[in-house]
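One structure below.
Below, chains carry the letters A, B, ... as their sequence lines are ordered, and counting in each starts from 1. Heavy-atom basis, side chains included; hydrogens, waters and symmetry copies ignored.
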Amino acid sequence: MKIRVTDQTGKEHELEGIEGWRVMEIIRDWGLPIKAECGGACSCATCHVYVDEDWMDRLVPATDEELEMLDTAPAVEDNSRLSCQILMSEALDGLHVTLAPGSEPD
Amino acid sequence: MENARIAAPVQAEPGGEYRTDAVIVGAGPVGLFAVFELGLLDIKAHLIDVLEVPGGQCAELYPEKPIYDIPALPVVTGQELTDRLMQQIAPFDPVFHLGQTAEAIAKTDEGRWRVTTSAGTVVDARVIVIAAGGGSFTPKKPALEGIEAYEGTSVFYAVRKMDAFRGKRLVIAGGGDSALDWALNLKDVAERVTLVHHRDGFRAAPDSVNKMRSAVAAGEMDLKIAKLQSLEGAAPQLTGVGVASKETGDETIPADAMLAFYGLTMKLGPVANFGLNLHENLIPVDTEKFETSEPSIFAVGDINWYPGKLKLILSGFHETALMAQAAFRYVYPDAKLRFQYTTSSTNLQQKLGVA
Ligand SMILES: Cc1cc2nc3c(=O)[nH]c(=O)nc-3n(C[C@H](O)[C@H](O)[C@H](O)COP(=O)(O)OP(=O)(O)OC[C@H]3O[C@@H](n4cnc5c(N)ncnc54)[C@H](O)[C@@H]3O)c2cc1C
Ligand code: FES
């Protein structure tokens, strides 16, 4: 199970996904620059990513809580999601996301 | 919770000069509990926090989320924990300097410390306790090219004086309570207010959303469902804000100033310039006294680092107890420190006002 992550500088990384982990945790544990200040509690929006258009429909839709938290991210697009709210599963093998501005650590 | 018994923080006048035993930088859960542990040893404390309310991450990031790992409180929300800490430390009369950043520290000839804040407040203390957690809360900025050049002149993240916007054309960006409240408050002061939000849904109080919608319907202000795209005008003076809307395409909203409200994020901030050793944005301490590389400056809670450190409220509380013992030796160099339990010491109970 793999995910592809493009970092803030445009470099692409292929990471091993782990069933049941949040995409944010996978990105963080592989040492890519993601702030994820609240540790996945949907309380900070510093794990903001853009999901590849092809993948948007395959994700579980964002909850109201996630949409409201996304309002506090600095550059929201139609394909914006909080990576801590995407749970890794076989169905997401190959998922491609791009780290959004504002998700970089200080 | 018996809310009636929770005392509001005693706020000091900004810009004043104060003298005390300990100054605590950060009023998160750990900074608050430090007041208690210091207080038991007769060490008076002042607290400085950039937030307008005490509680740190608990109050700002998860006031309504439950915490399950505070000993003897099977479940407590971030706000309840803050309220209970405020209640617990009330007997020690801590003085709060809220809404200001601790910016600089300097040693005095007496061997004490002077901490200066962004509001010009000076606190002179024998010891400094840094409880700065994940760092000081700072506004999230919209990702717009060159925004820094406009900041402070025509781009703002807070309103200090409403009158500064009198007669101006304003763009207010964001969809939460701050954005809506300021749009409603400023619409009567400014020449024109345009609220810009990327979707037609708002995370603000329903009452504010209704008020905003009626003001828009009555033509008293504008609402634009669009994304911010650019800032126009020769910096630092804004002349317009470029936006992109799915319905109406790209346009420039004429504006003399923009106010952006996207909430807060934590940055280490001025603590980095206090002259202390750092380890990846954290302050290394020993595990006996939680003292930093500078004698009589301590660091407790999420901001410190030592082998095995866990960023837990519980750990921060423990650290304050040991820190206070060491701080005592600086504040009362000639006194003998005796270990006492709150259950059995009349002296401690008197301090707490229960004996
Ligand atoms: C969503 C979420 C859930 C959590 N759940 C748990 C949990 O279940 N259990 C647990 O133990 N922990 C939990 N935590 C972690 C816990 O919140 C932190 O460990 C705790 O808040 C640390 O307390 P602190 O007082 O050290 O720092 P903080 O809470 O970060 O407070 C530091 C304060 O210092 C202020 N500050 C910093 N620098 C300056 C300056 N220069 N001038 C003025 N003010 C300054 C900041 O504004 C802030 O208010 C959670 C955290 C989050 C985000
Ligand atoms: S990590 Fe904070 S919202 Fe995702």
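- Heavy-atom minimum distance, B/Y62 versus A/S43: CB-OG, 4.4 Å.
- Residues A/E65 and B/K65 approach most closely at OE2-NZ, 3.5 Å, considering heavy atoms.
- No side-chain heavy atom of B/R203 sits under 4.5 Å from any side-chain heavy atom of A/M69.
- Note on B/Q57, B/E60, B/H197: by heavy-atom pairs under 4.5 Å with chain A, the leading option is B/H197.
- Looking at A/A100, there are no atoms closer than 4.5 Å to chain B (heavy atoms on both sides), in backbone or side chain.
- Among A/L67, A/T72, A/T46, the residue making the largest number of heavy-atom pairs under 4.5 Å with chain B is A/T72.
- Other residues, nucleotides and ligands contribute over 12 non-hydrogen atoms within 6.0 Å of the CD atom of A/E19.
- Both the backbone and the side chain of B/K267 come within contact range of chain A, with heavy atoms under 4.5 Å apart.
- When side chains are defined from C-beta on, B/H198 does not count as touching A/L70, because their heavy atoms never get closer than 4.5 Å.
- Around atom CD of B/E145, no more than 12 heavy atoms belonging to other residues, nucleotides or ligands sit under 6.0 Å away.
- Between the B/K140 side chain and the A/G102 main chain, no donor and acceptor come within less than 3.5 Å of each other.
- Using a 4.5 Å heavy-atom threshold, the side chains of B/R199 and A/V76 count as separate.
- Across A/E37 and B/L264, no two heavy atoms sit closer than the pair OE2-O, 4.3 Å.
- Heavy-atom minimum distance, B/G201 versus A/D71: O-OD2, 4.2 Å.
- For the options A/P105, A/P101, A/A41, heavy-atom pairs under 4.5 Å to chain B are most numerous at A/A41.
- In this structure, no portion of B/L228 lies under 4.5 Å from any heavy atom of chain A.
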